[in-house]
Structures are given as C-alpha cells and as structure tokens.
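Below is one structure, written out as structure tokens, with a few remarks after it.
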Amino acid sequence: MAATPPGPLASRLVWLTIGLAALAAAAVGVLLPLIPTTPFVILAAFAFMKSSTRLHDWLVNHRFFGPMIVDWREYGAISRTAKRIAIASMGAVFLLSVVVQAPVWVLAVQAPVLGICIWYVGSRPLPPE
C-alpha cells in the first residue's frame, strides 16, 4: 500500500485536481503540436507528489512520460526532440497570432514572453545519453 502524502485532505484534493488537469493537457499536447507536453508532465508529477503517491509513482515509471520527469529532476535537462517541438510550437503560436491579425499589444506582449521561454528551453542542458 502506497503512503499518503502529508497534509490536509482539501490541500491534497487541490493538488490532485491540478495534477489531473496538467496530465490531461500533456496528453492533448502529445496529439497537438501547439500544446507543450513536457512542462505539463513535470507539473503533473509535482502535483501528484503532493497529492497521490500512487499516481506520482505511476507517472514517473510511465514509458512515455517518465523519462521527461527523470531528465528534468536529475539533470534539469530537456531532450533535443522536446526542445525542437517546444520551440517550433512557440514560433507557430506567434506566427498564428500574426496571421489572424492579433492586436499589436498582444504581439508586443507575446513576442518577449515567447522569446524568454524559447531562450529558457534552449538553454537547458541535454540529458546524458
């Protein structure tokens, strides 16, 4: 039987809800290239760590999602494939905003925020082979 994380039940339920929502967003991200998968998987693992040991262990040991979590937790690393997909997705989001003629103020906010995100993702090390 898995241990229950400490803390009040209400707090664990909030974290469980956040974890399930993040995992759902990650699953959508597997299918849709504009939704980043890795940050949602990492968020889900963090939330499950605070709410459900069983779900946390399942996610960390998952054949598809687990390596992302381990790479991040142990090395602060993002795989080359995940980096490429994340950066391409952020570029596509900005391009889509331009194509649909988003207001200039939206582009003015979006450009530096996405630029910082692209820099951050690109600056993370690659996991060891």
Side-chain angles (χ1 to χ4, degrees):
M1 179 127 189
T4 302
L9 178 61
S11 174
R12 288 196 322 266
L13 288 174
V14 168
W15 282 113
L16 179 63
T17 302
I18 291 169
L20 292 171
L23 189 57
V28 170
V30 169
L31 303 173
L32 298 176
L34 296 181
I35 307 293
T37 302
T38 304
F40 287 118
V41 171
I42 293 168
L43 175 60
F46 178 79
F48 289 153
M49 183 176 60
K50 294 186 166 291
S51 62
S52 170
T53 303
R54 186 172 52 103
L55 285 173
H56 177 265
D57 292 347
W58 169 80
L59 188 59
V60 169
N61 293 307
H62 191 274
R63 69 175 182 83
F64 182 77
F65 295 126
M68 294 179 208
I69 298 165
V70 173
D71 287 345
W72 182 257
R73 185 180 290 161
E74 300 212 359
Y75 309 107
I78 300 173
S79 74
R80 187 177 316 277
T81 301
K83 283 184 182 193
R84 287 180 180 152
I85 291 169
I87 291 170
S89 296
M90 287 183 266
V93 165
F94 187 77
L95 182 61
L96 181 63
S97 296
V98 171
V99 168
V100 300
Q101 298 179 343
V104 173
W105 70 267
V106 170
L107 298 175
V109 170
Q110 199 177 37
V113 169
L114 288 173
I116 290 167
C117 292
I118 288 170
W119 168 81
Y120 184 77
V121 168
S123 71
R124 299 302 89 206
L126 294 172
E129 296 291 322

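Because the structure is a prediction, the values reported are computed rather than measured.
Counting all heavy atoms, side chain and backbone alike, A44 lies closest to G19 at CB-O, 3.6 Å. Between V121 and K83, the shortest heavy-atom contact is O-CE, 3.4 Å.
V113 and F94 are members of different hydrophobic clusters when ILVMFWY side chains are connected at heavy-atom separations under 4.5 Å. L59 is connected to F64 through a chain of hydrophobic side-chain contacts under 4.5 Å among Ile, Leu, Val, Met, Phe, Trp and Tyr, so both are in one cluster. Hydrophobic clustering places L107 together with M90 (ILVMFWY residues linked when any side-chain heavy atoms are closer than 4.5 Å, directly or through intermediates).
Hydrophobic cluster of L126: no remaining members, since no ILVMFWY side chain lies below 4.5 Å from it. Other members of the cluster containing F46 are V14, W15, I18, L43, M49, with ILVMFWY side chains joined at under 4.5 Å, either directly or via other members.
When side chains are defined from C-beta on, L23 does not count as touching F40, because their heavy atoms never get closer than 4.5 Å. F48 has its side chain out of reach of D57: every pair of non-hydrogen atoms, C-beta onward, lies at least 4.5 Å apart.
Taking S97 as the reference, Q110 meet the side-chain hydrogen bond (donor to acceptor under 3.5 Å, both in side chains) condition, with sequence neighbours excluded.
Residue pairs that meet the side-chain hydrogen bond (donor to acceptor under 3.5 Å, both in side chains) test with at least one member in residues 58-68, sequence neighbours left out, do not exist here. Identified under the side-chain hydrogen bond (donor to acceptor under 3.5 Å, both in side chains) test for residues 118-129, with sequence neighbours left out: none.
In this structure, CG on L20 lies 7.5 Å from OG on S51, to the nearest 0.5 angstrom.
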Please set out all donor-acceptor pairs under 3.5 angstrom arising from side-chain atoms of residues 73-81, sequence neighbours excluded.
residue : atom : partner : partner atom : Å
R73     : NH2  : H56     : NE2          : 3.0
S79     : OG   : A82     : N            : 3.1

